[in-house]
Amino acid sequence: MALPKTWQSFLDETGDMSRFTGRFFAQGFKPRYEFSEFIHQCFIIGFKSLPLIGLTGFIMGLVLTMQLRPSLIDYGVESQLPAMVGIAIVREIGPVVTALIFAGKIGSSIGAELGSMKVTEQIDAMEVSGTNPFKYLVVTRVLAATVMLPVLVILSDAISLYGSYLGVNIRATTSFQLFFKQVFDALSFSDVWPAVIKTFFFGFAVGMVGCYKGYNSRKGTEGVGRSANSAVVVSSLLVFIIDLVVVQVTDLLGIN
Amino acid sequence: MMAKRLINNVKLGVFVIAGLLLLILALYMIGRDSNLFGKNFELKVQFENVQGLTAGNNIRYAGIQVGTVKKVKIVSDTLIEVTMLIDEKMKAFIHQTDLVSISTDGLMGNKLLNITPGKDGSPLVKEGDILQVKKVASTEDMMETLNRTNNNIAVISDDIKRTVQRINNSEALWKILEEPTLPAYLKESMAHIREAAGKAADMANDLSAIVNDVKNGKGSLGAILTDTSIAKNLDQAVVKIRSVGDHANELAEELSAMTQGVKNDINNGKGTVNALLKDSLMAMKLQSSLTNIEQATAAFNENMEALKHNFLLRGYFRKLEKQKKKDEAAASVKK
């Protein structure tokens, strides 16, 4: 059975990544835990990403509001602008845009960091010195990414809504109280829960792909660049694929 | 190194807690809107058709958000039971006679339930009570009514059309309408009518004044009608007239007695009348007297003729004769 070379390598990598993920689950929840390294990674991955995520979130809220306004005026429902933007941000724009920015920043940095450690044989040295490099490097980063992205998304949603409030007030006047009330009147639990839960998957995917690419980096410094690049590409793609899967699942479960 | 790590950890802690607080706040806000927190009680209402109402739709009492629809359950093919979840505080306001209707939020918005206050003084609701449905004109009913109205309007407009056509075809009417002098005449007539009415009013005023005067006893009529002394006078007059009548009777009797006496005297040759009628000597004397008078007048006539011929008076008589001749000549010429 002869598969084309591209297919063969694709399936090879998919299998390899699956095994890598299995290894994460096999080792991640066994002691001993690298707790302080996990906290440190959380700080780097989460807190340090906040300015970038906050800025993009603010701009997204503002721009979305201004872009939606003409269409809503056409339908004569300009007053529904806060409700519409609120739902759009909380359900889709907030999680996906934040995850993409997160993939660009964190996926590439993890890929590059682990890749350079790999090609400079620091990982092998760690193994020799008795530290489990997988636990210390991979598990902490993946967990940190998984936990931090939802927090980032929630903060980004809040900043986006503030941007949207300013956007509404560019052309019209709305009190913050009314804006706030309209947004939360429109939202329901079925809008918030799936959105929050899927961000865990986004974070996990970004961390996992970044670590896998970096951990399996080859061919010297050139390989580091390639693994950083492919980490971003693959994790961004995975974000969309997970989004697609999640929307199908929530639709099947009837929580729309 | 350790101090920096601690600061970083604090920053991370603030970051995570901020995110979690926001999430909790959002969930609380959403939960409060759907009445998940705080005390609630249930009310029920039964519809034939819920028009798309679903669980989670809003319930309003006199326009205020008071709860949400908890459940929509089919009881039978013509009965659907809706369970409403309402804020406990509203127990003090919702009465058992309050009515529930389904309406729409805005023109095309979500369905919602409206509870309208019913009669005053009925008891307040208890947990699980079933409220009555308010009959609201559905779109179908409205259409049906509208259809009837349309038909009526069609008939009416037909009639109006026929009437207008007849008016248009009437020459006389148009002549009247197109007559340019008509307005002036009408105006004049109106002026006359107004004048006449004014006069009539004046007359009526005068009449009323007269009637008033009569009432108050002024003027002769008033005196007649109102003066009591006149009646007395009249009475006396009548009495006098009657007594005069009585005297006349006596007079007549006396007259009759007198004529009787005269007749007797004549027959017995007494008095002047008898002498006149019966004395023959007196008759001869009378005849000679009359002859004397005749002779005297004849002599007077002769004297008068002599006067005519007297020179003093002759001019006058000639003039008379000339005038007479002239008149006769003029009369003959005319002939």
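Being a predicted model, the structure only gives us computed values, none of them experimental. Atoms considered below: every heavy atom in the structure, side chains included; atoms not considered: hydrogens, waters and symmetry mates. Chain letters run A, B, ... following the sequence lines, proteins first, then strands; residues in each count from 1.
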Undergrad: Which heavy-atom pair separates L22(B) from A158(A) by the least distance, and what is that distance?
TA: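 Closest approach of L22(B) to A158(A), heavy atoms only: CD1-CB, 3.5 Å.
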
Undergrad: Which atom pair, heavy atoms only, marks the closest approach of V151(A) to F15(B)?
TA: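 Smallest interatomic distance, heavy atoms only, reads CG1-O, 3.6 Å.
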
Undergrad: Can you name the nearest heavy-atom pair linking F180(A) to L25(B), along with the distance?
TA: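 Taking every non-hydrogen atom into account, CZ-CD2, 4.4 Å.
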
Undergrad: Find out whether M29(B) and L187(A) are in side-chain contact, i.e. whether some heavy atom of one side chain is under 4.5 Å from a heavy atom of the other.
TA: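 A side-chain contact is absent here, since even the closest heavy-atom pair is not under 4.5 Å.
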
Undergrad: Look at atom CZ of F240(A) and say whether more than 12 heavy atoms of other residues, nucleotides or ligands are closer to it than 6.0 Å.
TA: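 No, CZ of F240(A) has 12 or fewer neighbouring heavy atoms, counting only those of other groups under 6.0 Å.
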
Undergrad: Can you establish whether the number of heavy atoms outside Q177(A) located under 6.0 Å from its atom CD is more than 12?
TA: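 Not more than 12 within 6.0 Å, no.
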
Undergrad: Is the count of non-hydrogen atoms from other residues, nucleotides or ligands lying under 6.0 Å from F201(A) atom CZ greater than 12?
TA: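 Check fails, neighbour count at 12 or below.
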
Undergrad: Does CD1 belonging to I74(B) count more than 12 external heavy atoms closer than 6.0 Å?
TA: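 Counting neighbours around CD1 of I74(B), 12 or fewer heavy atoms of other residues, nucleotides or ligands fall under 6.0 Å, so no.
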
Undergrad: May I ask you to check whether over 12 heavy atoms, not counting those of M90(B), lie within 6.0 Å of atom CE?
TA: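 Atom CE in M90(B) is crowded, with more than 12 foreign heavy atoms closer than 6.0 Å.
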
Undergrad: Taking non-hydrogen atoms and a cut-off under 4.5 angstrom, which of residues 59-70 of chain A neighbour chain B?
TA: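 Contacts with chain B: none.
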
Undergrad: Would you say CD of E171(B) has more than 12 non-hydrogen atoms from neighbouring residues, nucleotides or ligands within 6.0 angstrom?
TA: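 Count not over threshold, so no.
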
Undergrad: What pairs with Q96(B) under side-chain contact (heavy atoms from CB on, under 4.5 Å), at least two apart in sequence or on another chain?
TA: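 In terms of side-chain contact (heavy atoms from CB on, under 4.5 Å), with neighbours along the sequence ignored, Q96(B) is linked to P123(B), V125(B), K126(B), D129(B).
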
Undergrad: Within a reach of under 6.0 Å around CD of E144(B), are more than 12 heavy atoms found that belong to other residues, nucleotides or ligands?
TA: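 Count not over threshold, so no.
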
Undergrad: Against chain B, label I44(A) side chain, backbone, both or neither, depending on which of its atoms sit under 4.5 Å from a heavy atom there.
TA: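 For I44(A), there is no contact with chain B at all, as no heavy atom is under 4.5 Å.
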
Undergrad: With sequence neighbours left out, write down each residue that passes side-chain hydrogen bond (donor to acceptor under 3.5 Å, both in side chains) with N132(A), or none if nothing qualifies.
TA: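 N132(A): side-chain hydrogen bond (donor to acceptor under 3.5 Å, both in side chains) contacts with Q27(A).
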
Undergrad: Evaluate the side-chain proximity of V192(A) to L23(B): yes if any heavy-atom separation is below 4.5 Å, no if none is.
TA: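 They are in side-chain contact.
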
Undergrad: Looking at CG of D185(A) and CD of Q65(B), how far apart are the two atoms once the value is rounded to the nearest 0.5 Å?
TA: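 Here the interatomic distance stands at 7.5 Å.
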
Undergrad: Is it the case that more than 12 heavy atoms not belonging to E88(B) sit under 6.0 Å from its CD atom?
TA: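 For E88(B), atom CD is crowded (more than 12 foreign heavy atoms under 6.0 Å).
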
Undergrad: Considering heavy atoms only, which positions within residues 34-43 of chain A lie below 4.5 Å of chain B?
TA: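 When heavy atoms of chain B are the reference, residues 34-43 of chain A contributes S36(A), E37(A), I39(A), H40(A), C42(A), F43(A) within the under-4.5 Å range.
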
Undergrad: When you compare the side chain of V16(B) with that of F47(A), does any pair of heavy atoms fall below 4.5 Å?
TA: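 With C-beta onward as the side chain, the pair stays apart.
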
Undergrad: Is it the side chain or the backbone of V196(A) that comes within 4.5 Å of chain B heavy atoms, both, or neither?
TA: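 Contact with chain B: side chain only.
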
